[in-house]
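In what follows, every chain begins at residue 1, and chains take the letters A, B, ... in the order their sequences are listed.
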Protein chains: 4
Amino acid sequence: MNTVKDFDKKEAIFQATLELISKHGFHSSPMSEVAKKANVAAGTIYHYFKSKDELICALYVYKREKSIQNIFKNDDPSKPFKDRFRSFYLQMINYYYTNPKEFYFLEQFMNSPYISMLQKEDIVRLEQPIYDFLRKAVFTQVVRDIPPKILIAMVTGSASSLIKLRLSGEFLMTSSDLEMAFFTCWDGIKKP
Amino acid sequence: MNTVKDFDKKEAIFQATLELISKHGFHSSPMSEVAKKANVAAGTIYHYFKSKDELICALYVYKREKSIQNIFKNDDPSKPFKDRFRSFYLQMINYYYTNPKEFYFLEQFMNSPYISMLQKEDIVRLEQPIYDFLRKAVFTQVVRDIPPKILIAMVTGSASSLIKLRLSGEFLMTSSDLEMAFFTCWDGIKKP
Amino acid sequence: MNTVKDFDKKEAIFQATLELISKHGFHSSPMSEVAKKANVAAGTIYHYFKSKDELICALYVYKREKSIQNIFKNDDPSKPFKDRFRSFYLQMINYYYTNPKEFYFLEQFMNSPYISMLQKEDIVRLEQPIYDFLRKAVFTQVVRDIPPKILIAMVTGSASSLIKLRLSGEFLMTSSDLEMAFFTCWDGIKKP
Amino acid sequence: MNTVKDFDKKEAIFQATLELISKHGFHSSPMSEVAKKANVAAGTIYHYFKSKDELICALYVYKREKSIQNIFKNDDPSKPFKDRFRSFYLQMINYYYTNPKEFYFLEQFMNSPYISMLQKEDIVRLEQPIYDFLRKAVFTQVVRDIPPKILIAMVTGSASSLIKLRLSGEFLMTSSDLEMAFFTCWDGIKKP
DNA sequence: CATGAATGAGAATTCATTCAT
DNA sequence: CATGAATGAATTCTCATTCAT
């Protein structure tokens with residue numbers, strides 16, 4: 001009945017799962033460890049989620065939604081698209097750079113068989129904001145006339161790789177590097 | 001009994017592992033299943049690989065090397081770089097599209113904690129061909145003056161996402177789509 | 001709030017337990033399911049019964065008593081014993097045939113280690129009506145001079161098996177079949 | 001490969017399961033206890049049986065077959081049916097009296113939802129010997145013209161109850177009691 | 001070298017029971 | 001009295017790995 005407490009527990013389970021999986025992977029993150037880290041009993045997890053798989057999928061949807069929201073939070077539709085895209089692109093890199101657990105978890109999920117457990121609707125819904133963002137730009141002729149799906153793939157794919165590189169620590173990325181990366185991306189997708 | 005047979009067995013184990021993991025993921029691909037699919041006894045796998053982790057890492061190195069070789073197999077250094085890059089980019093997409101098991105396995109590996117089990121040298125060595133390819137282009141001023149690492153990330157990241165999209169089957173990619181994708185990438189990285 | 005409601009709740013718990021156990025067995029009938037089916041909270045069950053075992057035992061005693069009462073409800077001591085026995089035998093078969101949940105539950109209980117949790121007195125008391133019924137018949141020499149316990153066993157054992165057969169649905173039992181079954185039993189136990 | 005050893009292990013698992021379940025019931029007989037009692041590792045059980053349910057069902061089929069064989073082992077078709085039936089009936093009581101674990105296990109199984117997990121063919125096959133035995137007697141007019149299924153039910157049902165009574169220890173059954181029980185049964189089923 | 005039965009630690013999950021509200 | 005979230009011990013089952021043959 002206590003919604004605050006409920007929220008706290010579910011949130012704690014999410015957080016613990018995120019931390020463990022982002023670090024150790026799906027199969028080295030036993031429910032017992034999740035429980036311990038979340039300060040709940042193992043059985044409690046099963047009040048909130050039917051199974052480990054369901055917990056993982058729910059966490060994906062939750063974290064995916066949250067990051068998309070965050071990435072678009074400073075979007076100003078009144079600005080020129082190039083500026084909006086710049087903000088989007090850099091914010092994406094920045095958000096995941098400062099939230100590496102989210103990043104590692106999401107990437108792991110998207111590149112594993114788990115992704116195929118999601119409902120088609122969920123996948124579509126999660127992608128919607130980016131889809132709309134880029135589709136409108138194609139429509140208004142600011143951006144190359146390519147199927148938005150392809151645009152999304154290329155833009156997010158290149159960003160993901162950059163984030164991975166940056167997080168790896170093997171390469172120190174300056175803000176000038178990021179600026180160049182943005183131009184590399186932008187010059188590719190803008191209407192030639 | 002002889003090296004040929006050994007090779008066959010090792011190859012069979014690799015193939016079985018690839019098929020299982022690409023489809024079911026790391027966990028959900030028990031050694032007993034690998035053995036069954038490879039037509040060898042479970043214990044036999046341990047003559048060729050110290051552990052499951054080692055098998056998986058060896059498979060990664062093996063398949064990574066093979067795909068890089070394949071992607072560069074038609075590279076003609078005498079041609080203009082733009083042509084070479086076009087061939088490289090489209091061949092990458094094509095190779096993984098026609099070898100989805102390899103693609104799914106490699107992506108899963110690279111986005112999981114397994115990647116950190118590899119030796120630094122291995123990682124560097126595997127990346128070397130692409131690194132050299134792009135570094136030279138930067139050096140000869142055909143391509144934007146960006147750290148090659150960043151270039152690699154952006155190019156391969158966008159290609160990966162395209163392959164994933166294409167393999168998902170949810171979007172039918174025509175050769176004209178691919179051509180546009182190539183230009184999108186090229187216009188981004190070429191010297192402005 | 002009041003005794004009526006109490007009665008209702010206890011009854012609802014009994015009914016839910018009966019339905020679940022008769023269908024799924026003792027394990028596979030969790031208290032949480034019982035609670036759900038009875039429309040009470042899990043904790044509420046523990047106001048009426050100390051434990052699951054106690055609930056099950058109480059349900060046995062309750063349902064056993066009820067069925068014995070029902071089976072004897074048309075007994076007319078003024079009639080000849082053969083008629084009374086016929087009515088008893090056929091009513092037993094009929095009662096359980098029309099109350100299969102009760103039957104399956106009672107049989108499961110009696111053939112499981114649960115039966116040994118009951119107090120000796122309870123067992124004796126539950127059996128008393130049948131015991132008296134048959135003992136008197138032995139005494140008045142209408143029935144073979146066999147220890148009543150043995151008579152009870154044979155009569156109820158054959159009836160149980162018939163009910164099981166009939167409930168199984170694999171054999172359609174006509175009223176003439178039942179009549180013959182009665183004679184088979186009667187001719188066996190009557191004074192030769 | 002070692003068939004003798006294999007046999008020993010499977011047999012040991014069967015024996016351990018029988019002892020535990022006959023005494024404690026299905027749900028108080030954990031696989032870990034079975035393993036301990038059988039002197040094998042828990043995992044070993046799963047080499048022989050896919051699941052606990054399958055183990056239990058296999059044990060039922062195995063023990064059922066064995067007891068039927070035993071009950072008929074002294075059957076002499078050249079003798080008059082009455083004698084054969086007497087031997088059958090008393091041997092049934094005797095066999096289970098001297099093999100109480102088998103009896104308790106079989107009864108528990110047959111009166112639980114487990115029975116419905118068996119294949120129809122298995123059930124028919126297991127019953128076949130008794131069915132043939134009684135059907136022939138009906139055919140040759142030695143026994144009442146009742147559907148054999150009903151005969152089986154009545155005969156085995158009464159025998160089961162007698163065995164239960166005898167095993168309970170609350171009633172000391174003499175051989176004269178058994179003789180009377182036989183006549184009670186026989187006089188019921190014989191052609192009047 | 002090859003086998004595959006056997007191991008047993010460890011994983012996911014269940015569920016009777018409790019207790020703060 | 002009633003609730004049902006929370007507990008955590010117990011249970012089933014999996015699977016990487018070993019080793020006698």
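- Here F:dT7 is the nucleotide among F:dT7, E:dT7, F:dT3 with the atom lying nearest to any side-chain atom of A:K9.
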Which nucleotides of DNA chain F pair, in dot-bracket form (Watson-Crick or G-U under 3.5 Å, | meaning another strand) | .||||||||||||||||||||

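- Counted by atom type alone, D:Q15 and D:E11 present zero donor-acceptor pairs between their side chains at under 3.5 Å.
- Checking E:dA2, F:dT17, F:dC13 against every side-chain atom of B:K52, the shortest atom distance belongs to F:dT17.
- When the side-chain contact (heavy atoms from CB on, under 4.5 Å) test is applied to C:S51, the partners found at least two apart in sequence or on another chain are C:D53, C:E54.
- Along DNA chain F, the nucleotide nearest B:S29 and the nucleotide nearest C:N39 are compared for position; the residue whose nucleotide lies closer to the 5' end is C:N39.
- Between B:S51 and D:G43, the residue anchored nearer the 5' end of DNA chain F, judged by the nucleotide with its closest heavy atom, is D:G43.
- In this structure, D:T44 and A:P30 both approach DNA chain E, and ranking their closest nucleotides by distance from the 5' end singles out D:T44.
- When rounded to the nearest whole Å, the span between CZ of D:F26 and C1' of F:dA10 equals 20 Å.
- Side chain of B:Y46, nearest nucleotide from F:dT17, E:dT13, F:dT7: F:dT17.
- Note on B:M31: a base of the nucleic acid sits closer than 4.0 angstrom, heavy atoms only.
- C:Y114 has its ring centre no less than 6.0 Å from the ring centre of C:Y60.
- A donor-acceptor contact under 3.5 Å is not formed by the side chain of A:H47 with the base of F:dA5.
- Rounded to the nearest 0.5 Å, atoms CG (D:L126) and CD (D:Q119) are 12.0 Å apart.
- The side chain of D:Y48 places an N or O atom within less than 4.0 Å of a non-bridging phosphate oxygen (OP1 or OP2) of E:dA6.
- Applying a 4.0 Å cut-off to non-hydrogen atoms, none of the residues of residues 104-114 of chain A approaches DNA chain F.
- In this structure a side-chain-to-backbone donor-acceptor pair under 3.5 Å is missing from B:K63 to B:K101.
- Distance alone, capped at 3.5 Å, places no donor-acceptor pair between the D:E33 side chain and the D:L20 backbone.
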